[in-house]
Amino acid sequence: MDFELNEDQQLFRRTLREFVDKEIVPVAPEWERTGRYPTEIVERFKEMGLFGLTIPEEYGGLALDRVSFALVFEEIARGWMGVAGVLGSHSLASWMIAQHGTEEQKKAYLPDLATGARRTGIALTEPAAGTDLQGIQTRAVRDGDHYVINGAKTWITNARYADPMPVLVKTSVTEPAHRGMSLILVEAGTPGYTVSRDLPKLGYKGTETCEIVLEDVRVPVSQLLGGVEGRGMQQALSAMELGRINIAARAVGVSQCAYDAALSYSRERHAFGQPIADFQAIQLKIADMATDIQAARLLTYWAATRSEAGAVNSEAAMAKYFASEVALRATLEAMRIHGGYGYSQEFVVERLYRDAPLMAIGEGTNDIQRMVIARSLISGAAKVGW
């Protein structure tokens, strides 16, 4: 049992850390506050090959191991969680195409997705269907060699840049509902496919989050992911399992940033003639934060390692659930340690406090994660201990 990163992973993390500290941390406060899109950061993602995280090498991708995949999102989120979203949805959708797409679909899209010449996302959630994906209303009706799609999607990351956008639809009305669900790759510029508006958000700024409207969108049958109807729910859920590792890693990054800020401030801030770090109340908060964060990090890396063998369901749910709850606690404690300054936009903890709640909601709420964990344990599919 080895709790250390291997040599390649350590080098990769150092490269990421230097990039984040030099090119993301200095600009994040102003760009996040003004709503400026991080174009220059996205270009650097392209240069570093980060759009190819989950794409096989034969199509020009990096095909990273899962721990390295987690490191990317931990380090970027440590600098600015919002810009991690640019890579997050793209990486999951790219993996989904690589895993489930036809060979023609892989050849058509993966090389450009690997370089960032194309970007992508995942259009699952609807105004009346979030956690309950089987309740979606978007329909795709076969008309000769095309599907005609009608419906709406919401909370879609990368919506303005996705090409193609995998859209979860109902290709038939059947019971159980998941057997009639499919994913269709809709290319940008297709008539009737419209990004209707950007959604205002508490945090998670830097990447756009939008509503999409599909009105009589005609898409060739060849755009059906995998070429077989009725597999969309399975395909989407497989990507969401990887997404939970992504979210767990982002939560660790946000928590680490909160801890670093709190520790530094406690050493510098004086009260009653001494650094506040000398007070036991502050020391207890620091100790709790450090222990929680390290536990969340190890749980996330464990889940990432287990996913290499295909065992990702309960493990990824545990990592996402625990790490996101740690992020909520850590950012609040960091704000408390900063006192009044923690409420100011001049200090990073204010942004972290706004970003943290998304991790408890995205890729399935934490209540859903707890249900996934419990059901896996009760069924015997997972266990605790050796």
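- No donor-acceptor pair under 3.5 Å is formed between the side chain of S264 and the backbone N or O of A261.
- Here R297 pairs with E74 in a salt bridge; the nearest charged N to carboxylate O distance falls below 4.0 Å.
- Salt bridge annotation for D367-R370: present, with a cationic side-chain nitrogen under 4.0 angstrom from a carboxylate oxygen.
- Counting non-hydrogen atoms of neighbouring residues, nucleotides and ligands closer than 6.0 angstrom, the CD atom of E7 reaches no more than 12 such neighbours.
- To the nearest 0.5 Å, atoms CG (L124) and OG1 (T154) are separated by 12.0 Å.
- Around CZ of F12, the count of heavy atoms belonging to other residues, nucleotides or ligands within 6.0 Å exceeds 12.
- The residues R336 and E333 are annotated as salt-bridged, a charged nitrogen and a carboxylate oxygen being separated by less than 4.0 angstrom.
- Using a 4.0 Å cut-off between a side-chain N of Lys or Arg and a carboxylate O of Asp or Glu, R44 and E47 qualify as a salt bridge.
- A donor-acceptor pair is defined here as one N or O able to donate and one able to accept, closer than 3.5 Å; such a pair exists between the side chain of H90 and the backbone of T120.
- With respect to R66 and E308, no salt bridge is recorded, no charged nitrogen being found less than 4.0 Å from a carboxylate O.
- Atom CD of E103 is surrounded by more than 12 heavy atoms from other residues, nucleotides or ligands within 6.0 Å.
- A salt bridge links E75 with R17: at least one charged nitrogen is closer than 4.0 Å to a carboxylate oxygen.
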Self-check item: side-chain hydrogen bond (donor to acceptor under 3.5 Å, both in side chains) evaluation trace for S172 with E229
Solution: CA-CA 9 Å; S172 65; E229 290 186 1; 5.3 Å; no

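- R160 has no carboxylate O lying under 4.0 Å from a charged side-chain N of E208, or vice versa, which leaves the two without a salt bridge.
- Counting all heavy atoms, side chain and backbone alike, T300 lies closest to A249 at CG2-N, 3.9 Å.
- Of the charged side-chain nitrogens involved, none lies within less than 4.0 Å of a carboxylate oxygen, so that D145 and R218 do not count as a salt-bridged pair.
- Separating the CD atom in Q99 from the CG atom in L242 is a distance of 10.0 Å, to the nearest 0.5 Å.
- Ring-plane geometry between Y341 and F347 is classed as tilted, the angle between the planes lying from 30 to 60 degrees on a 0 to 90 degree scale.
- Salt bridge D292/R329: present, at least one basic N to carboxylate O contact under 4.0 Å.
- Taking a 6.0 Å sphere around CZ of R118, one finds it holds more than 12 heavy atoms contributed by other residues, nucleotides or ligands.
- Side-chain atoms of E363 and N246 include no donor-acceptor pair closer than 3.5 Å.
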Take N6 and Q10 through the test side-chain hydrogen bond (donor to acceptor under 3.5 Å, both in side chains) and record every step on the way to the result. CA-CA 6 Å; N6 64 39; Q10 291 180 31; over 6 Å; no

Worksheet entry | Verdict with reasoning, E32 to Y204, per side-chain hydrogen bond (donor to acceptor under 3.5 Å, both in side chains) | CA-CA 9 Å; E32 198 266 355; Y204 189 47; over 6 Å; no

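- Taken from CG in L62 to CD in E57, the straight-line distance is 8.0 Å, to the nearest 0.5 Å.
- At most 12 non-hydrogen atoms from other residues, nucleotides or ligands lie less than 6.0 angstrom from CZ of R179.
- Here CZ of R142 is found 9.0 Å from CG of L224. Values are rounded to the nearest 0.5 Å.
- In this structure, K46 pairs ionically with E43, as a charged nitrogen and a carboxylate oxygen lie closer than 4.0 Å.
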